[in-house]
Amino acid sequence: MNTNQTKLLKKIDQAKVFLTHNRNLFKCPYCGAKMAAIEDYSLICAQGHQFDLSKKGTLFLIKHGVKSDYDQKELWQARRHVLQHGLFDGVLEQIIHRMPQRNLTYIDVGCGEGTPLARIREQRRQFNDQAIGFDISKDAINLATQQTANSFFCIADLAALPFADRQIDVIIDILSPSSYREFDRVLAQNGILFKVIPNAEYLIELRHRLYRPNDPKYSYHNDDVLNRVLEQYPQTEVVPVKYQFELTPTLATNLLKMTPLQWGTQADPANVFKTPLEHVTVDMSLLIVRKNS
């Protein structure tokens, strides 16, 4: 079945096609056994644990329910609006440029509503990639399935990835937590981790609207996160990425809705944009780790 034929199928049937060809990528989150069969619309492991596809074509591959501060439909809708207007495009270009020029299997860690993964798929449409996005937020994953790019989405736990050993060519982690033990386990030989972390001036204009100079959140540094990565992977290549993102009033409002910067502020949201915010700084570091064994 070719790509065009697959896109004509319902989401649940598209997902079944994906799993039929790629069940080897997954392992059971309960017992760790390999996935042995696809029966009807269910993925079944060698020990009999069964995972049913939702009507949207997603799998719940986690051992327990998870409550997240990010389970807010309005937040994910706002994030989609801002990302589709290009907030992360500059850093995504850097990732795409460095991805190997061949068919790849990759996962997007904490994929949210799916725009970054869709952008990558679109720029790599000449390749027959296998792309999987996962998040702990059901609201985010349900929204991600609306993306037109042909990717597979599931709800999964970062600390216990439901992926088989050494099956993933590329891990993409944009502003999400990391489990380096799990990353090392699932990355294939010569695999690559692309981890994006914020730098001191990331969204600084908005930060300064929300917090006063005497508030600890008025400034930010990423030393702890960066040092943890460098300690784990001394060979890490650090690529600074910095640019201005122009805002309309609607984009500014949605940026406020989507960012955790709003949590804990004493600022009145009605007054944050009394003076229009015309741009924000996107200041990030792209950390590149190449696995050689």
What is the distance from atom [atom1] of [X] to atom [atom2] of [Y], rounded to the nearest 0.5 Å?
X      : Y      : atom1 : atom2 : value
Gln77  : Lys73  : CD    : NZ    : 9.0 Å
His85  : Leu251 : NE2   : CG    : 5.0 Å
Ile12  : Thr58  : CD1   : OG1   : 9.0 Å
Ile172 : Ile174 : CD1   : CD1   : 6.5 Å
Asp173 : Ser178 : CG    : OG    : 4.0 Å
Ile197 : Ser285 : CD1   : OG    : 5.0 Å

Q: Decide side-chain hydrogen bond (donor to acceptor under 3.5 Å, both in side chains) for Asp184 and Tyr233; before the verdict, give the C-alpha distance in whole Å, the side-chain angles of both, and the deciding distance to 0.1 Å.
A: CA-CA 11 Å; Asp184 287 342; Tyr233 307 112; 2.8 Å; yes
Q: Going by the side chain to side chain contact (heavy atoms under 4.5 Å, CB included) test, name the single residue among Ile204, Val82, Leu247 that passes it with Val280.
A: Leu247
Q: State which residue, out of Ile44, Ile62, Leu59, fulfils the side chain to side chain contact (heavy atoms under 4.5 Å, CB included) condition with Phe51.
A: Leu59
Classify the angle between the aromatic ring planes of [X] and [Y] as parallel (below 30°), tilted (30 to 60°) or perpendicular (above 60°).
X      : Y      : value
Tyr202 : Phe88  : tilted
Tyr180 : Phe183 : perpendicular
Phe152 : Phe18  : parallel

What pair of heavy atoms forms the shortest contact from [X] to [Y], and how long is it?
X      : Y      : value
Gln14  : Asn150 : OE1-OD1, 3.7 Å
Ser179 : Leu158 : CB-O, 3.5 Å
Arg185 : Leu161 : NH2-O, 3.0 Å
Leu83  : Arg119 : O-NH2, 3.3 Å
Gln262 : Thr259 : CG-O, 3.1 Å
Ser137 : Trp76  : OG-NE1, 3.2 Å

Q: Please determine, by modelled atom types, if Gln167 and Asn24 share a side-chain donor-acceptor pair under 3.5 angstrom.
A: yes
(Q) I'd like to know if the side chain of Thr281 pairs up with that of Lys242 as donor and acceptor (distance under 3.5 Å, no hydrogens or angles considered). (A) no
I'd like a table of donor-acceptor pairs (distance under 3.5 Å, sequence neighbours excluded) in which one partner is a side-chain atom from residues 97-111, with atom names and distances.
| from | atom 1 | to | atom 2 | distance (Å) |
| --- | --- | --- | --- | --- |
| Arg98 | NH1 | Gln94 | O | 3.2 |
| Arg98 | NH1 | Gln94 | OE1 | 2.5 |
| Gln101 | NE2 | Met99 | O | 3.1 |
| Asn103 | OD1 | Asn128 | N | 2.8 |
| Tyr106 | OH | Asp129 | OD2 | 3.0 |

Quick one: does any side-chain atom of [X] pair with a main-chain N or O of [Y] as donor and acceptor, under 3.5 Å?
X      : Y      : answer
Glu201 : Leu203 : no
Asp135 : Ile141 : no
Arg125 : Ile120 : no

**Q.** Test side-chain contact (heavy atoms from CB on, under 4.5 Å) applied to Met258 and Asn254, step by step
**A.** CA-CA 6 Å; Met258 67 162 263; Asn254 280 307; over 6 Å; no
Q.
According to salt bridge (Lys or Arg N to Asp or Glu O under 4.0 Å), does anything in residues 210-239 pair up with another residue at least two apart or in another chain? List the pairs.
A. none
Q.
Are more than 12 heavy atoms, taken from residues, nucleotides or ligands other than Glu278, located less than 6.0 Å from that residue's CD atom?
A. no
Q.
Show, in sequence, the C-alpha distance, side-chain angles and deciding distance for Val272 and Leu210, and conclude whether the side-chain contact (heavy atoms from CB on, under 4.5 Å) test is met.
A. CA-CA 7 Å; Val272 171; Leu210 294 172; 3.8 Å; yes
Verify the cluster assignment for [X] and [Y]: are they in a single hydrophobic cluster under the rule of side-chain heavy atoms below 4.5 Å apart?
X      : Y      : value
Val238 : Tyr220 : no
Leu255 : Leu175 : yes
Ile95  : Phe127 : no

**Q.** Steps toward side-chain hydrogen bond (donor to acceptor under 3.5 Å, both in side chains) verdict (Gln147, Thr145)
**A.** CA-CA 5 Å; Gln147 297 282 358; Thr145 63; over 6 Å; no
Q: Starting from the C-alpha separation in whole Å, work towards a yes-or-no answer on side-chain contact (heavy atoms from CB on, under 4.5 Å) for Lys257 and Leu75.
A: CA-CA 6 Å; Lys257 289 178 180 178; Leu75 179 154; over 6 Å; no
Indicate yes or no: at least one non-hydrogen side-chain atom of [X] is less than 4.5 angstrom from one of [Y].
X      : Y      : result
Leu206 : Leu256 : yes
Arg80  : Gln146 : yes
Val282 : Val241 : no
Leu226 : Leu287 : yes
Lys291 : Gln189 : no
Phe194 : Val289 : no
Asn199 : His221 : no
Asp89  : Leu92  : yes

Q: Could you please spell out the steps behind the side-chain contact (heavy atoms from CB on, under 4.5 Å) verdict for Leu286 and Ile288?
A: CA-CA 6 Å; Leu286 170 60; Ile288 305 170; 3.9 Å; yes
Distance-only donor-acceptor pairs under 3.5 Å for side chains of residues 28-43, two or more places apart:
| from | atom 1 | to | atom 2 | distance (Å) |
| --- | --- | --- | --- | --- |
| Tyr41 | OH | Asp13 | OD1 | 2.6 |
| Ser42 | OG | Gln50 | NE2 | 3.3 |
| Ser42 | OG | Asp52 | OD1 | 2.5 |

Q. His279 and Glu246: side-chain hydrogen bond (donor to acceptor under 3.5 Å, both in side chains), yes or no, with the steps?
A. CA-CA 4 Å; His279 72 269; Glu246 301 302 319; 5.0 Å; no
Q.
I'd like to know if Asp157 and Lys63 make a salt bridge, using a cut-off of under 4.0 Å between side-chain N and carboxylate O.
A. no
Q) Could Arg23 and Phe26 be counted as a cation-pi pair, given that NZ or CZ must be under 6.0 Å from the ring centre and within 45° of the axis? A) no
Q. Please walk me through it: do Tyr218 and His208 pass ring-ring contact (aromatic ring centres under 6.0 Å, His included)?
A. CA-CA 6 Å; Tyr218 186 80; His208 287 178; 3.8 Å; yes
